[in-house]
*Asks:* 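Handing you a structure now.
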Amino acid sequence: MSNRRPCSGPFKTPTIMWDGSVTICCFDGMMNLSLGNLKDKPFREIWYGDEANEIRLCHIRGEFDKVRTKVDFPKCLHCKGYDTPQISDEEILDFLREIGKEDEIEPYLKRVGAVNKKEK
């Protein structure tokens, strides 16, 4: 586990292809992390669903190797584009509260070296 910060992509930048496929990563032109298709499900269900949230939690936990493509490649592990744009600790904490994962807050803050920051 590293102190690398979460990528903002899974939180802020859904990518929708011409055919309606939605991916959680703007560097996923091959749609290897596709979450679903707008022809089959509403955007809200795809973007805020369990699969998307699990990828977000992997980023929060620093488990970048656990985000696997359809061909079992660790897509996020060696990504160099994760640092722009950024996501703040406050945004991460808000997300964890929204999904009822308050128990993840302390480990996250410790992992990224923000232990002394106070929760809002």
*Asks:* Below 4.5 Å, heavy atoms only, C-beta onward: do Met31 and Cys25 meet side chain to side chain?
*Replies:* no
*Asks:* Please determine if Arg68 forms a cation-pi arrangement with Phe73, meaning its NZ or CZ atom is less than 6.0 Å from the six-membered ring centre and no more than 45° off the ring axis.
*Replies:* no
*Asks:* If we check side chain to side chain contact (heavy atoms under 4.5 Å, CB included) with Ile105, which of these qualifies: Leu93, Ile92, Ile60, Asp89?
*Replies:* Leu93
*Asks:* Does Thr23 form a side chain to side chain contact (heavy atoms under 4.5 Å, CB included) with Met17? I'd like the steps, not just the answer.
*Replies:* CA-CA 8 Å; Thr23 183; Met17 298 300 275; 5.6 Å; no
*Asks:* Applying side chain to side chain contact (heavy atoms under 4.5 Å, CB included) between Tyr108 and each of Lys110, Glu106, Arg111, report the one that passes.
*Replies:* Arg111
*Asks:* Measure from the side-chain N and O atoms of Glu91 to the backbone N and O of Ser88, and report whether any donor-acceptor pair falls under 3.5 Å.
*Replies:* yes
*Asks:* To the nearest 0.5 Å, what is the distance between CG (Leu57) and CZ (Phe95)?
*Replies:* 5.0 Å
*Asks:* Going from CG on Leu33 to CG on Asp28, what distance comes out if it is rounded to the nearest 0.5 angstrom?
*Replies:* 4.5 Å
*Asks:* Can you tell me how far OG of Ser21 sits from CG of Asp40, rounded to the nearest 0.5 angstrom?
*Replies:* 9.0 Å
*Asks:* Would you call Lys66 and Glu63 a salt bridge, taking side-chain N to carboxylate O under 4.0 Å as the test?
*Replies:* yes
*Asks:* Consider only side-chain heavy atoms of I, L, V, M, F, W and Y, link residues closer than 4.5 Å, and tell whether Ile46 and Ile16 are in one cluster.
*Replies:* yes
*Asks:* Please report the C-alpha distance between Val22 and Asn37 in whole Å, then the side-chain angles of each, then the deciding distance to 0.1 Å, and finally whether the side chain to side chain contact (heavy atoms under 4.5 Å, CB included) criterion is met.
*Replies:* CA-CA 6 Å; Val22 179; Asn37 194 294; over 6 Å; no
*Asks:* Using a distance-only test with no angle check, is there a side-chain donor-acceptor pair under 3.5 angstrom linking Thr69 and Asn32?
*Replies:* no
*Asks:* Could you give the distance from CZ (Arg61) to CD (Glu54), rounded to the nearest 0.5 Å?
*Replies:* 5.5 Å
*Asks:* Decide side chain to side chain contact (heavy atoms under 4.5 Å, CB included) for Phe11 and Arg56; before the verdict, give the C-alpha distance in whole Å, the side-chain angles of both, and the deciding distance to 0.1 Å.
*Replies:* CA-CA 7 Å; Phe11 298 88; Arg56 292 178 184 113; 3.7 Å; yes
*Asks:* Go through the steps for Cys58 and Phe64 under the test side chain to side chain contact (heavy atoms under 4.5 Å, CB included), then give the verdict.
*Replies:* CA-CA 6 Å; Cys58 285; Phe64 301 100; over 6 Å; no
*Asks:* Kindly compute the distance separating CG (Asp103) from CG (Leu96), expressed to the nearest 0.5 Å.
*Replies:* 8.5 Å
*Asks:* Using 0.5 Å steps for rounding, measure from the OG1 atom of Thr13 to the CD1 atom of Ile24.
*Replies:* 8.5 Å
*Asks:* Looking at every non-hydrogen atom in both residues, tell me the closest pair between Asp19 and Lys39 and how far apart they are.
*Replies:* O-CE, 3.2 Å
*Asks:* Where do Arg5 and Ile87 come nearest, in terms of heavy atoms and distance?
*Replies:* NH2-O, 2.8 Å
*Asks:* Between Ile99 and Val67, is there a shared hydrophobic cluster once you connect ILVMFWY residues whose side-chain heavy atoms come closer than 4.5 Å?
*Replies:* no
